[in-house]
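Everything on this sheet refers to the single structure shown next.
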Amino acid sequence: MINFFYETEIEPLEEVDLSRWISRVILSESKSEGEINFILCDDEYLLKINQDFLNHDTYTDIISFDNTIGNQLHGDIFISAERVKENAQQFGVSFDEEMRRVVIHGVLHFCGYKDKTDSEAKLMRQKENEKLSLFHVEQ
(Lines give C-alpha, C1' and ligand atoms only; values in the text may rest on other atoms or scores of the structure.)
Protein backbone atom coordinates (compact mmCIF):
# COMPACT_ATOMS: atom_id res chain seq x y z
CA MET A 1 0.00 0.00 0.00
CA ILE A 2 1.30 3.40 -0.97
CA ASN A 3 0.22 6.36 1.16
CA PHE A 4 0.71 10.10 0.81
CA PHE A 5 0.68 12.49 3.74
CA TYR A 6 0.97 16.27 3.59
CA GLU A 7 2.77 18.21 6.31
CA THR A 8 2.98 21.36 4.19
CA GLU A 9 0.69 23.43 1.99
CA ILE A 10 1.14 22.13 -1.54
CA GLU A 11 -1.22 21.04 -4.25
CA PRO A 12 -1.94 17.33 -3.82
CA LEU A 13 0.14 15.06 -6.03
CA GLU A 14 -1.30 12.86 -8.74
CA GLU A 15 -1.54 10.05 -6.18
CA VAL A 16 -3.37 7.45 -8.28
CA ASP A 17 -0.95 7.74 -11.22
CA LEU A 18 2.08 7.84 -8.93
CA SER A 19 0.91 4.79 -6.98
CA ARG A 20 0.34 2.73 -10.14
CA TRP A 21 3.75 3.71 -11.46
CA ILE A 22 5.53 2.98 -8.18
CA SER A 23 3.87 -0.44 -8.09
CA ARG A 24 5.12 -1.18 -11.63
CA VAL A 25 8.63 -0.03 -10.69
CA ILE A 26 8.65 -2.28 -7.63
CA LEU A 27 7.59 -5.28 -9.74
CA SER A 28 10.22 -4.42 -12.38
CA GLU A 29 12.85 -4.80 -9.65
CA SER A 30 11.46 -8.23 -8.63
CA LYS A 31 10.26 -6.85 -5.31
CA SER A 32 6.83 -6.78 -3.71
CA GLU A 33 4.94 -3.85 -2.32
CA GLY A 34 4.47 -3.48 1.39
CA GLU A 35 3.52 -0.24 3.10
CA ILE A 36 5.35 2.79 1.75
CA ASN A 37 4.52 6.21 3.16
CA PHE A 38 5.43 9.44 1.40
CA ILE A 39 5.42 12.42 3.73
CA LEU A 40 5.51 15.76 1.88
CA CYS A 41 6.90 18.51 4.06
CA ASP A 42 8.86 21.76 3.99
CA ASP A 43 12.59 22.42 4.41
CA GLU A 44 12.44 23.07 8.16
CA TYR A 45 10.48 19.86 8.84
CA LEU A 46 13.01 17.78 6.91
CA LEU A 47 15.98 19.63 8.42
CA LYS A 48 14.73 18.69 11.89
CA ILE A 49 14.51 15.03 10.88
CA ASN A 50 18.00 15.25 9.39
CA GLN A 51 19.35 16.72 12.62
CA ASP A 52 17.45 14.45 15.02
CA PHE A 53 17.89 11.11 13.28
CA LEU A 54 20.96 11.42 11.05
CA ASN A 55 23.01 14.05 12.92
CA HIS A 56 23.26 16.13 9.72
CA ASP A 57 22.70 19.87 9.86
CA THR A 58 21.91 20.36 6.18
CA TYR A 59 18.87 20.80 4.00
CA THR A 60 18.02 17.94 1.67
CA ASP A 61 15.25 16.98 -0.70
CA ILE A 62 14.64 13.45 0.60
CA ILE A 63 15.25 11.21 3.58
CA SER A 64 14.14 7.60 3.50
CA PHE A 65 13.74 5.20 6.38
CA ASP A 66 13.87 1.66 5.02
CA ASN A 67 11.90 -1.03 6.87
CA THR A 68 12.02 -3.58 4.06
CA ILE A 69 11.46 -7.18 5.03
CA GLY A 70 13.09 -9.57 2.57
CA ASN A 71 11.82 -8.57 -0.87
CA GLN A 72 8.76 -6.74 0.46
CA LEU A 73 9.36 -2.99 0.49
CA HIS A 74 8.28 -1.01 3.55
CA GLY A 75 9.33 2.40 4.77
CA ASP A 76 8.82 6.10 5.12
CA ILE A 77 10.04 8.61 2.56
CA PHE A 78 10.12 12.27 3.63
CA ILE A 79 10.31 14.78 0.79
CA SER A 80 10.78 18.54 1.05
CA ALA A 81 8.45 20.07 -1.53
CA GLU A 82 10.40 23.34 -1.18
CA ARG A 83 13.67 21.64 -2.11
CA VAL A 84 12.01 19.80 -5.02
CA LYS A 85 10.63 23.09 -6.35
CA GLU A 86 14.04 24.76 -6.10
CA ASN A 87 15.78 21.80 -7.75
CA ALA A 88 13.23 21.75 -10.58
CA GLN A 89 14.01 25.40 -11.32
CA GLN A 90 17.76 24.77 -11.10
CA PHE A 91 17.59 21.77 -13.46
CA GLY A 92 15.07 23.34 -15.84
CA VAL A 93 12.36 20.71 -15.38
CA SER A 94 8.79 20.85 -14.13
CA PHE A 95 7.96 20.43 -10.47
CA ASP A 96 6.04 17.22 -11.30
CA GLU A 97 9.01 15.72 -13.14
CA GLU A 98 11.43 16.51 -10.34
CA MET A 99 8.96 15.17 -7.76
CA ARG A 100 8.71 11.89 -9.69
CA ARG A 101 12.53 11.65 -9.75
CA VAL A 102 12.75 12.16 -5.99
CA VAL A 103 9.86 9.76 -5.30
CA ILE A 104 11.43 6.99 -7.33
CA HIS A 105 14.87 7.73 -5.86
CA GLY A 106 13.45 6.83 -2.45
CA VAL A 107 11.84 3.65 -3.77
CA LEU A 108 15.10 2.64 -5.46
CA HIS A 109 16.88 2.99 -2.11
CA PHE A 110 14.39 0.46 -0.72
CA CYS A 111 15.25 -1.79 -3.68
CA GLY A 112 18.87 -1.79 -2.52
CA TYR A 113 20.43 0.94 -4.66
CA LYS A 114 22.86 3.29 -2.97
CA ASP A 115 24.34 6.65 -4.01
CA LYS A 116 27.29 7.28 -1.68
CA THR A 117 30.09 6.62 -4.17
CA ASP A 118 30.42 8.00 -7.70
CA SER A 119 29.73 4.59 -9.25
CA GLU A 120 26.68 4.04 -7.02
CA ALA A 121 25.37 7.51 -7.84
CA LYS A 122 25.83 6.86 -11.57
CA LEU A 123 23.88 3.59 -11.36
CA MET A 124 21.18 5.30 -9.27
CA ARG A 125 20.77 8.03 -11.90
CA GLN A 126 20.56 5.40 -14.66
CA LYS A 127 17.87 3.55 -12.70
CA GLU A 128 15.97 6.78 -12.03
CA ASN A 129 15.95 7.59 -15.76
CA GLU A 130 14.91 4.04 -16.65
CA LYS A 131 12.03 4.12 -14.17
CA LEU A 132 10.97 7.66 -15.12
CA SER A 133 10.48 6.45 -18.67
CA LEU A 134 7.87 3.99 -17.33
CA PHE A 135 5.68 6.71 -15.83
CA HIS A 136 3.30 7.09 -18.79
CA VAL A 137 3.52 3.46 -19.91
CA GLU A 138 0.31 1.54 -19.32
CA GLN A 139 0.63 -2.13 -18.50
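Along the sequence shown, residues carry numbers from 1.
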ask   = So, does Tyr6 use its side chain to make a donor-acceptor pair with the main chain of Leu13 at under 3.5 Å?
value = yes

key: Side-chain heavy atoms of Leu73 within contact of Cys111, under 4.5 Å   = yes

task = Measure the spacing between CG of Leu40 and CD of Glu11 and express it to the nearest 0.5 Å.
result = 12.0 Å

query = Between CD of Gln72 and CD of Glu35, what distance do you get to the nearest 0.5 Å?
reply = 10.0 Å

message = Checking Glu14 now: which residues fulfil side chain to side chain contact (heavy atoms under 4.5 Å, CB included) with it, not counting sequence neighbours?
response = Asp17, Leu18, Asp96, Arg100, Phe135

ask   = How long is the gap from OG on Ser64 to NE2 on His105, to the nearest 0.5 Å?
value = 7.0 Å

query = Looking at residues at least two apart in the chain, or sitting in another chain, which of them share a salt bridge (charged side-chain N to carboxylate O under 4.0 Å, His left out) with Asp52?
reply = Lys48

task = Would you indicate whether the side-chain heavy atoms of Ile2 and Ser23 approach each other to under 4.5 Å?
result = yes

Heavy-atom closest pair, residues Ser32 and Ile26 = C-CG2, 3.7 Å

task = Show which residues join Tyr59 in its hydrophobic cluster (side-chain heavy-atom contacts under 4.5 Å, direct or indirect), or state none.
result = Leu47

ask   = Below 4.0 angstrom, N of the basic side chain to O of the carboxylate: do Lys127 and Glu29 qualify?
value = yes

request  = Identify, with sequence neighbours excluded, every residue that meets side chain to side chain contact (heavy atoms under 4.5 Å, CB included) alongside Asn71.
outcome  = Lys31

request  = Mind listing the closest non-hydrogen atom pair of Gly34 and His74 along with its distance?
outcome  = CA-CE1, 3.5 Å

ask   = Which atom pair, heavy atoms only, marks the closest approach of Ser94 to Ala88?
value = O-CB, 3.7 Å

inquiry  = Which residues pass the salt bridge (charged side-chain N to carboxylate O under 4.0 Å, His left out) test with Glu128, not counting sequence neighbours?
reply    = Arg101, Arg125

query = Residues in side chain to side chain contact (heavy atoms under 4.5 Å, CB included) with Thr58, at least two apart?
reply = Asn50, His56

query = Quick one: does Lys85's side chain get under 4.5 Å of Met99's, heavy atoms only?
reply = no

ask   = Are the side chains of Thr60 and Arg83 in touch, meaning some heavy atoms are under 4.5 Å apart?
value = no

key: Pairs satisfying salt bridge (charged side-chain N to carboxylate O under 4.0 Å, His left out), at least one member in residues 60-76, at least two apart   = none

ask   = Can you name the residues that form a salt bridge (charged side-chain N to carboxylate O under 4.0 Å, His left out) with Glu33, not counting sequence neighbours?
value = none

task = Give the other cluster members for Ile69, using side-chain heavy-atom distances under 4.5 Å between Ile, Leu, Val, Met, Phe, Trp and Tyr residues; answer none if it is isolated.
result = none

query = Would you say Ser19's side chain and Val16's backbone share a donor-acceptor pair under 3.5 angstrom?
reply = no

inquiry  = Are Val103 and Ile77 packed together at the side-chain level, in the sense that at least one heavy-atom pair is separated by less than 4.5 angstrom?
reply    = no

query = Is Phe5 isolated, or which residues cluster with it under the ILVMFWY side-chain rule of less than 4.5 Å, directly or via members?
reply = Ile39, Tyr45, Leu46, Ile49, Phe53, Leu54, Ile63, Phe65, Phe78

task = Could you grab the distance from atom CD1 of Ile22 to atom NZ of Lys131, nearest 0.5 Å is fine?
result = 13.0 Å

request  = Report yes or no: do Leu134 and Ile36 belong to one cluster of Ile/Leu/Val/Met/Phe/Trp/Tyr joined by side chain heavy-atom distances under 4.5 Å?
outcome  = yes

inquiry  = Quick test of your reading: applying salt bridge (charged side-chain N to carboxylate O under 4.0 Å, His left out), list the pairs with at least one residue in residues 106-123, sequence neighbours left out, ordered by first then second residue.
reply    = none

message = Going by salt bridge (charged side-chain N to carboxylate O under 4.0 Å, His left out), name the residues that satisfy it together with Asp42, two or more places apart in sequence or in a different chain.
response = none

inquiry  = I'd like to know if the side chain of Trp21 reaches the main chain of Ile104, judged simply by a donor and an acceptor atom lying under 3.5 Å from each other, with no hydrogens or angles considered.
reply    = no

key: Test item: Glu98 side-chain N/O and Asn87 main-chain N/O as donor-acceptor pair under 3.5 Å   = no

